[in-house]
Amino acid sequence: MTDRPRLTVLGTGYLGITHAACMASAGFEVLGVDIDAEKVAQLNAGQVPIFEPGLEELLRAGLAAGRLSFTTSYEKAAEVGDVHFVCVGTPQRRDGHSADLSQIEACIDALAPSLTRPCLVVGKSTVPAGTAAVLAERLASKAPAGEAAEICWNPEFLREGHGVADTLNPDRIVVGIRSARAERLLRQVYATQIKAGVEFFVTDLNTAELAKVAANAFLATKISFINAVAEVCDAAAADVTVLSRILGADPRIGHAFLRPGLGFGGGCLPKDVRAFLARAAELGAGDALAFLREVDSINLNRRTGMVNLACEVAGGSVAGKSVCVLGAAFKPGSDDVRDSPALDVAQILHGLGAEVTVHDPQAIDNARLAWPELRYADSVRAAAAGADLVLLLTDWPEYAAIDPHELAEVTAAPRIIDGRYALDPAVWRAAGWHYRASGVPGDARSDQLT
Ligand code: UDX
């Protein structure tokens with residue numbers, strides 16, 4: 001083994017590309033591996049197939065320095081790598097709430113037969129507690145190196161849209177290990193971050209696995225808490241936006257993840273909440289996490305609540321009405337539409353007979369692939385042209401800057417529902433709009449469509 005371990009990154013999704021490019025920028029030799037030959041060619045040509053600020057520059061710098069390359073060959077990965085990072089997806093199973101581990105298993109099975117010398121296989125993907133211990137046996141039984149091919153777990157907490165910064169400067173590093181050798185190697189890999197003072201937690205495998213799902217379940221709980229309070233605000237004619245600022249001012253509560261809105265979506269929070277629950281139930285501790293079922297349903301109720309509000313504002317039904325949906329990504333700063341609350345609402349309204357036109361600054365291509373039956377527009381004005389109702393469903397900063405007077409010039413009626421509390425109700429109402437948001441007191445006028 002050389003002084004500096006040589007790294008491979010298995011799986012080049014959001015997590016894998018970011019990790020590979022960041023590790024190369026830290027001076028490591030990195031080989032990225034993916035079974036998708038087209039993606040590998042694209043990455044070797046310096047193109048990032050996802051929207052992630054700063055990533056393409058880092059990828060190109062790594063390629064130009066000769067430290068970063070991509071391949072489809074697991075044999076090559078086994079040959080060059082001292083530390084193999086597993087970054088493949090662990091989506092929700094189609095037939096239930098637990099995590100689908102088939103990509104991880106396939107990855108271990110593809111790598112193991114070529115592992116002839118001591119190495120570390122580091123899981124970064126989010127997995128249920130107990131997975132690493134099972135994979136360790138699987139790996140050792142299939143690798144010629146036997147138990148010298150060792151598993152450890154190093155969960156990744158990066159947020160989409162902030163992937164580069166979160167990887168280079170994480171707020172903590174967690175490593176679940178079984179040997180001093182594994183700890184030593186991982187301390188080498190993360191030497192820069194450790195030197196910069198990032199807290200480095202060394203744990204057993206199960207604790208490391210749980211650290212990730214528990215963190216995401218807590219974040220989801222915070223969001224669902226404030227969204228449940230928004231419903232009470234609705235009933236009590238109180239203002240949830242003011243209330244959330246008041247709550248967040250208590251340092252024990254904090255402002256982060258207390259923004260009310262259409263709820264959480266994306267490739268992580270929704271499936272992690274469900275997988276955490278499913279695993280706890282398998283372990284006989286399902287009752288302890290029963291509240292997460294409520295967290296999930298409060299979250300999904302925000303989407304149906306938005307549909308009901310749209311129907312109400314549209315005069316009882318959206319059938320035949322033209323609806324402009326602003327936002328398709330699951331959150332601003334991303335082109336990811338996985339489990340996007342905005343697209344879910346757009347799709348339900350379409351199913352109810354509305355003519356839905358969607359705008360998004362980054363996610364239109366992905367949205368079109370997922371929901372080809374919706375209409376898409378390149379600009380906010382084009383999306384809103386002739387609209388009976390405008391819905392703001394993803395809080396892109398550019399939507400907060402929309403001039404209500406200019407938008408009213410193109411819509412059929414000045415009616416807007418702000419699903420993300422991104423607009424100032426006073427400004428929009430003063431400009432003649434009927435502004436609605438759940439948990440924000442309405443205006444006195446009743447100007448529903450008839
Ligand atoms: C999340 C975790 O933050 C990250 O640590 C983990 O590694 C992966 O999952 P990400 O999926 O990128 O990251 O999204 P995040 O920024 O956490 O937002 C999740 C969802 O919650 C989004 O749909 C967002 O719009 C919503 N959200 C977030 C709120 O509704 N209110 C808030 O206050 C914060």
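What you see is a predicted model, and the numbers here were worked out from it, not measured in a lab. Both counts, for ligands and for their atoms, begin at 1 and track the order of listing. Position 1 is the first residue of the sequence; numbering continues from there.
In this structure, E199 has no salt bridge (charged side-chain N to carboxylate O under 4.0 Å, His left out) partners at least two apart in sequence or on a different chain. Not counting sequence neighbours, the partners of S179 by the side chain to side chain donor-acceptor pair (under 3.5 Å) test are E150.
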In a table with atom names and distances, give each donor-acceptor pair under 3.5 Å that connects a side chain of residues 232-247 to protein atoms at least two apart or in another chain.
{"from": "D234", "atom 1": "OD1", "to": "G439", "atom 2": "N", "distance (Å)": "3.0"}
{"from": "D239", "atom 1": "OD1", "to": "T241", "atom 2": "N", "distance (Å)": "2.9"}
{"from": "D239", "atom 1": "OD1", "to": "T241", "atom 2": "OG1", "distance (Å)": "2.5"}
{"from": "S244", "atom 1": "OG", "to": "T241", "atom 2": "O", "distance (Å)": "3.4"}

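Near ligand 1, E156, F157, L158, R159, E160, K212, N216, L219, I223, F257, L258, R259, G263, F264, G265, C268, L269, F330, K331, R420 each place a heavy atom less than 4.0 angstrom from the ligand.
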Checking side-chain hydrogen bond (donor to acceptor under 3.5 Å, both in side chains) for the pair R159/S334: CA distance, chi angles, key distance, verdict? CA-CA 10 Å; R159 298 160 299 165; S334 169; over 6 Å; no
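Rounding to the nearest 0.5 angstrom, the gap separating the CD atom in E156 from the CG atom in D166 is 8.0 Å.
Cation-pi geometry between R4 and F28 is met: under 6.0 angstrom from the ring centre, within 45 degrees of the axis.
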